[in-house]
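Report on the following structure.
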Amino acid sequence: MYALIDCNNFYCSCERVFNPKLEGKPVVVLSNNDGCVISRSEEAKLLGIKMGTPAFMFEDFFNKNNVAVYSSNYTLYGDLSDRVMKTLIEFVPRLEVYSIDEAFLDLHDLPYIDLLELALKIKMSVHKRIGIPVTIGIAPTKTLAKMANKFAKKKRKDVGCFWAANDKLIDEMMDSTEVGDIWGIGAQYAKILKKNGFQTALELRNAPEEWIRVNMTVVGQRLLNELRGVPSIEWEFIIPAKKNICCARGFGILIKTKHELSEALASYAANVGEKLRRQKSCAKTINIFVQTNPFRRDDKQYMRSMTTDLPVCTNNTAMLIKYALKVLDRIYLDGYNYHKCGFLALDLIPEDQVQYSIYDAVESPKEKTISKTLDKLNKVHGKDLIRYAAQGYGKKWKLKQARLSPCYTTRIDQILKVKN
DNA sequence: TCTGGGGTCCTAGGACCC
DNA sequence: TCTGGGGTCCTAGGACCC
């Protein structure tokens, strides 16, 4: 059996952990740049606030309804996520961290007769220790466990756990699940499936394999197996190294000059460099893109991206910045209102497998030490304590984060004060 | 009349996930 | 004024090789 455990309205729940006044009140968390709603508490959902709605359109509505609004604070959410995962691993021999707020637990060969009892124990424990409410779904495959989790949220709200323990329960669950709500079926496939007469997961389970193969490729075939109770998605107990690492962001304001664009780009390159070093990878290729804001209909639109091979695979920030700016020189055009740019590191390889030729400028041990020290200092004191000159100083373009909560658990200067 | 076959690599685009 | 960011996998088609 597989369990999928999912933190309820995770980002909102994180904000509540350190601010209990928010309990019972509508809370929303916004995307980067305070753009869209990306997490909603139950109360906010009841008010009819939809996922992805642009915040600026709802300013008045938020005020009128006393909605607590937060900028996203990934440092805080990441740290609380780690703590949740650490609690989970105490209950099972193996777990797969699937996302910041989800994990699959391997329940095979556990001494429990009643897995629901185990689920309740886990749920209570996470709530008591971290303060985050969770929902747990248990079923014979990953896809069904995902479904069981959704089913628990919908039909077993009081317990917050559901175990699809036998055929009857599995059928009941699948009958009440629309195809579009199946893990792996997005809007496009949902449309195709409904057009061809498959409305529920139960109906899809009985679909002819050949038809699925032709219309949904091997991905669909794998899904069909999973629905039929045959596990077809591998475990990933060890988080695999990323194949691409990217940093792309819209600016807090529109920018026009290459100088400002280059500061932003250099900062994103530095961010990617840090992530590369953390996973001990080097990039062979980089891609840089710039674009205007497509929502501004009256603005002249421009977008351009360019990929280039680096002379040597590297994760050294200075090198990444140097080549990023070279590419920018080639794709920047004067006279546009730029809204976003990005830096992608592609074709990553482990840093101990980099092939040098005899003529290559190899990173010196001194440079390595500099990078390490820089990463360490920035980790403790916040992201840009130390930066390269190319990243600039004023940062007019930086993200809008008007309603950021403190990093309660990772920054000593922002720790919660009980009493002054 | 009749114009090979088998393979790899790369890229773009489409689908999905949180 | 203001509309997210960061990933994965699969397929098709073209270039190229022998």
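Please read all numbers here as calculations on a predicted model, not as lab measurements. In what follows, every chain begins at residue 1, and chains take the letters A, B, ... in the order their sequences are listed.
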| said: With a 4.0 Å cutoff (strictly under), does any side-chain N or O of A:Arg296 reach OP1 or OP2 of C:dT1? | reply: no
| Would you call the rings of A:Phe251 and A:Tyr268 parallel, tilted or perpendicular, where under 30° means parallel and over 60° means perpendicular? | parallel
| request: With P as the reference atom in both, quote the distance from B:dC17 to C:dT3 in angstrom, rounded to an integer. | output: 26 Å
| Yes or no on ring pair (Phe, Tyr, Trp, His ring centres under 6.0 Å) for A:Tyr11 and A:Tyr70, after CA distance, side-chain angles and deciding distance? | CA-CA 9 Å; A:Tyr11 299 168; A:Tyr70 286 90; over 10 Å; no
| said: Heavy atoms only, 4.0 Å cut-off, all strands: where does A:Gly250 land among base, sugar-phosphate and nothing? | reply: sugar-phosphate
| Starting at OH of A:Tyr11 and ending at P of C:dG4, how long is that distance when rounded to a whole Å? | 15 Å
| message | So if I take every side-chain heavy atom of A:Arg249 and compare against C:dG5, C:dG4, B:dC18, which nucleotide ends up nearest? | response | C:dG5
| task | Sticking with atom P, work out how far B:dC2 lies from C:dC18, rounded to a whole angstrom. | result | 30 Å
| note | Picking from C:dC10, C:dT3, C:dG5, the nucleotide nearest the side-chain atoms of A:Val219 would be C:dC10
| request: Quick one: look up who C:dC18 pairs with, Watson-Crick or G-U, both distances under 3.5 Å, and put none if it's unpaired. | output: B:dG5
| said: Using ring centroids (six-membered ring only for Trp), state whether A:Phe104 and A:Tyr98 fall under 6.0 Å. | reply: yes
| said: With a 4.0 Å limit, can you tell me whether A:Arg222 has a side-chain N or O closer than that to the phosphate oxygens OP1/OP2 of C:dC10? | reply: yes
| remark: dist A:Lys157:NZ -> A:Thr135:OG1 (nearest 0.5 Å) comes out at 9.5 Å
| Of the nucleotides C:dT3, C:dT11, C:dG6, which one has an atom closest to the side chain of A:Val218? | C:dT11
| task | Return the 5'-most residue of the pair A:Ile245, A:Asn293 with respect to DNA chain C, ranking by each residue's nearest nucleotide. | result | A:Asn293
| task | Enumerate the residues from residues 180-202 of chain A whose closest heavy atom to DNA chain C is under 4.0 Å, giving them by residue number; use none for an empty result. | result | none
| note | Residue pair A:Lys243/A:His339 against DNA chain C: nearer the 5' end by closest nucleotide is A:His339
